Colleague: 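Pasting a structure below so you can have a look.
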Amino acid sequence: MTTFKQRIQTLQPKSIFRHLVAGWAIGMVVVSFFILTADSPHPEWGAFWMVRPLILTPLISATGMLAFFLRSLAEPKSKIGNTLLFFSGLMLYPIALRVGIVLGFDGTMWN
């Protein structure tokens with residue numbers, strides 16, 4: 001049985017970075033889809049209305065993927081606990097992506 005400190009020391013920075021980049025890329029694709037489908041932005045949104053969603057959504061999405069990755073720090077003793085932990089992490093990422101989209105587009109497309 002490994003301790004929590006030993007599990008933290010065994011984390012690979014490359015693996016963490018890959019998960020962050022994957023979450024960022026998914027967020028960027030989703031937000032780009034919404035931005036590219038905006039036919040004619042309203043004048044009250046301003047000239048740089050797309051900057052906020054392009055920054056917030058991928059960052060929050062990457063954070064959600066990091067939370068999904070860090071579930072590996074917990075070591076449940078049963079397969080049921082491991083499965084529940086996996087599915088809770090799997091449900092957490094879409095929630096983080098949704099929060100990123102809403103916060104990014106608040107005041108523009110989702111007023």
Side-chain angles (χ1 to χ4, degrees):
M1 181 91 177
T2 59
T3 64
F4 184 73
K5 187 175 182 179
Q6 290 171 336
R7 286 186 299 233
I8 288 178
Q9 291 172 349
T10 61
L11 290 177
Q12 302 284 329
K14 287 183 181 180
S15 181
I16 294 171
F17 183 72
R18 275 186 273 153
H19 279 79
L20 284 173
V21 169
W24 178 85
I26 292 170
M28 186 61 84
V29 167
V30 170
V31 78
S32 296
F33 171 75
F34 282 115
I35 288 175
L36 292 175
T37 58
D39 294 333
S40 56
H42 297 290
E44 63 264 8
W45 292 354
F48 299 106
W49 68 271
M50 70 219 44
V51 172
R52 183 175 172 188
L54 283 173
I55 292 172
L56 279 179
T57 303
L59 284 176
I60 295 173
S61 178
T63 305
M65 186 61 83
L66 180 66
F68 179 72
F69 172 73
L70 291 179
R71 70 174 167 66
S72 63
L73 290 177
E75 283 187 356
K77 296 182 184 193
S78 66
K79 287 193 175 229
I80 293 173
N82 196 14
T83 305
L84 287 174
L85 191 63
F86 175 77
F87 283 115
S88 65
L90 200 61
M91 289 180 359
L92 180 68
Y93 179 72
I95 291 170
L97 183 61
R98 171 72 177 175
V99 167
I101 291 170
V102 169
L103 289 177
F105 285 110
D106 182 40
T108 57
M109 293 180 95
W110 297 33
N111 196 0

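Residue numbers count from 1 along this sequence. Here the structure is a predicted model, which is why all the values come from computation and not from measurement.
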Colleague: Output every pair passing side-chain hydrogen bond (donor to acceptor under 3.5 Å, both in side chains) with a member in residues 50-59, not counting sequence neighbours, ordered by first then second residue.
Modeller: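 Every candidate side-chain hydrogen bond (donor to acceptor under 3.5 Å, both in side chains) pair involving residues 50-59 fails, so no pair, neighbours aside, qualifies.
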
Colleague: With rounding to the nearest 0.5 angstrom, report the OG1 to CG distance, T63 to L92.
Modeller: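 One finds 10.5 Å between OG1 of T63 and CG of L92.
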
Colleague: Rounded to the nearest 0.5 Å, what separation is found between the CE atom of M91 and the OG atom of S88?
Modeller: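 Interatomic distance, M91 CE to S88 OG, rounded to 0.5 Å: 7.0 Å.
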
Colleague: Taking all non-hydrogen atoms of both residues into account, name the closest pair between A96 and G64 and its distance.
Modeller: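 Nearest heavy atoms, A96 then G64: CB-CA, 3.7 Å.
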
Colleague: Hydrophobic clustering (ILVMFWY, side-chain heavy atoms < 4.5 Å, transitive) - are M28 and V102 grouped together?
Modeller: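 Yes, V102 and M28 fall within the same hydrophobic cluster.
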
Colleague: Same cluster or not: are W24 and F105 linked, directly or through other Ile, Leu, Val, Met, Phe, Trp or Tyr residues, by side-chain heavy atoms under 4.5 angstrom apart?
Modeller: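 Yes, because W24 and F105 connect within a single hydrophobic cluster, where side-chain heavy atoms sit under 4.5 Å apart.
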
Colleague: If the condition is side chain to side chain donor-acceptor pair (under 3.5 Å), which residues does S61 pass it with, not counting sequence neighbours?
Modeller: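 Partners of S61 under the side chain to side chain donor-acceptor pair (under 3.5 Å) test: Y93.
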
Colleague: Would the number of heavy atoms belonging to other residues, nucleotides or ligands and lying under 6.0 Å from CG of L36 be above 12?
Modeller: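 Yes, the 6.0 Å shell around CG holds more than 12 heavy atoms from other groups.
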
Colleague: Which heavy atom in P53 sits nearest to a heavy atom in P58, and how many Å separate them?
Modeller: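 The answer is O-CD, 3.5 Å.
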
Colleague: Is any side-chain heavy atom of R98 closer than 4.5 Å to a side-chain heavy atom of P94?
Modeller: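 No, their side chains stay 4.5 Å or more apart.
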
Colleague: First locate atom CD1 of I26, then atom CG of L97, and finally report the distance between them rounded to the nearest 0.5 Å.
Modeller: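 Here the rounded value is 8.0 Å.
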
Colleague: State the OG1-CG distance between T83 and L90, to the nearest 0.5 angstrom.
Modeller: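 Spacing of OG1 (T83) from CG (L90) equals 12.0 Å.
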
Colleague: So how far is it from I60 CD1 to M65 CE, rounded to the nearest 0.5 Å?
Modeller: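 Here the rounded value is 14.5 Å.
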
Colleague: To the nearest 0.5 Å, tell me how far L20 CG sits from L59 CG.
Modeller: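 Reported to 0.5 Å precision, the distance equals 10.0 Å.
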
Colleague: V31, L56: one ILVMFWY side-chain cluster at the under-4.5 Å cut-off?
Modeller: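 They do not share one cluster, since no chain of ILVMFWY contacts under 4.5 Å joins V31 to L56.
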
Colleague: Tell me, please, which residues at least two apart from W49 pass ring pair (Phe, Tyr, Trp, His ring centres under 6.0 Å).
Modeller: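 Partners of W49 by the ring pair (Phe, Tyr, Trp, His ring centres under 6.0 Å) criterion, ordered by chain and then number, come out as W45.
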
